[in-house]
Amino acid sequence: MDRVAAGRLALRQLAPLRIAGRLTGLSGLVVDIDGLAGHLSVGDRLVLEARDGRLVLAEIVGFRAGLAQAMPFDALDGLGPGSVAVQAAAP
């Protein structure tokens, strides 16, 4: 039993996997993101980092031409090609 408890403790101390991509375009309210299409599903949440460091929560709404498409829950100010997108931690 001590090994099991030690294993559980070790797993809790691991940092969660962070998958990152880059914004390649914006059209209306949809953000195109490269590098995440094979790792996320519709409904997954991610965080977009604006050029001024502001973080914007977004949700994956689709995929097109190998790009993940997300809709932000906040203003798109400061987001542009090259901005970073990181998978949000699971609730």
Side-chain angles (χ1 to χ4, degrees):
M1 195 64 163
D2 290 331
R3 286 184 180 178
V4 172
R8 286 182 180 157
L9 178 61
L11 287 174
R12 279 190 220 114
Q13 294 174 345
L14 289 175
L17 177 65
R18 290 180 47 139
I19 300 171
R22 295 267 176 200
L23 273 67
T24 59
L26 292 155
S27 180
L29 296 177
V30 177
V31 178
D32 294 325
I33 305 164
D34 189 25
L36 296 178
H39 303 284
L40 299 176
S41 301
V42 170
D44 285 346
R45 301 275 172 103
L46 62 151
V47 177
L48 309 174
E49 184 176 335
R51 292 186 175 138
D52 63 1
R54 186 173 60 88
L55 301 178
V56 178
L57 184 63
E59 183 174 311
I60 299 295
V61 295
F63 302 91
R64 182 175 302 189
L67 301 174
Q69 296 182 310
M71 289 193 81
F73 292 111
D74 202 354
L76 300 174
D77 299 350
L79 295 173
S83 294
V84 176
V86 178
Q87 182 180 11

**Request:** Report yes or no: do Val47 and Leu76 belong to one cluster of Ile/Leu/Val/Met/Phe/Trp/Tyr joined by side chain heavy-atom distances under 4.5 Å?
**Result:** no
**Asked** Is Val31 reachable from Val42 through a run of hydrophobic residues whose side-chain heavy atoms are each under 4.5 Å from the next?
**Response** yes
**Asked** Are Ile33 and Leu40 close enough that some pair of their side-chain heavy atoms sits under 4.5 Å apart?
**Response** no
**Item:** Any donor-acceptor N/O pair, Arg22 side chain to Gly82 backbone, under 3.5 Å
**Value:** yes
**Prompt:** Under a single-linkage rule joining Ile, Leu, Val, Met, Phe, Trp and Tyr whose side-chain heavy atoms are separated by less than 4.5 Å, which residues share a cluster with Val86?
**Reply:** Val84
**Prompt:** For Ser83 and Glu49, which heavy atoms make the closest approach, and how far apart are they?
**Reply:** CB-O, 3.4 Å
Side-chain donor/acceptor pairs under 3.5 Å, residues 54-72, sequence neighbours excluded:
from: Arg54; atom 1: NH2; to: Ala75; atom 2: O; distance (Å): 3.2
from: Arg54; atom 1: NH2; to: Asp77; atom 2: O; distance (Å): 2.5
from: Glu59; atom 1: OE1; to: Arg45; atom 2: NE; distance (Å): 3.0
from: Glu59; atom 1: OE1; to: Arg45; atom 2: NH2; distance (Å): 3.4
from: Gln69; atom 1: NE2; to: Asp32; atom 2: OD1; distance (Å): 3.3

**Request:** Please examine the side chains of Asp74 and Leu48, heavy atoms only from C-beta on, and report whether any two atoms are closer than 4.5 Å.
**Result:** no
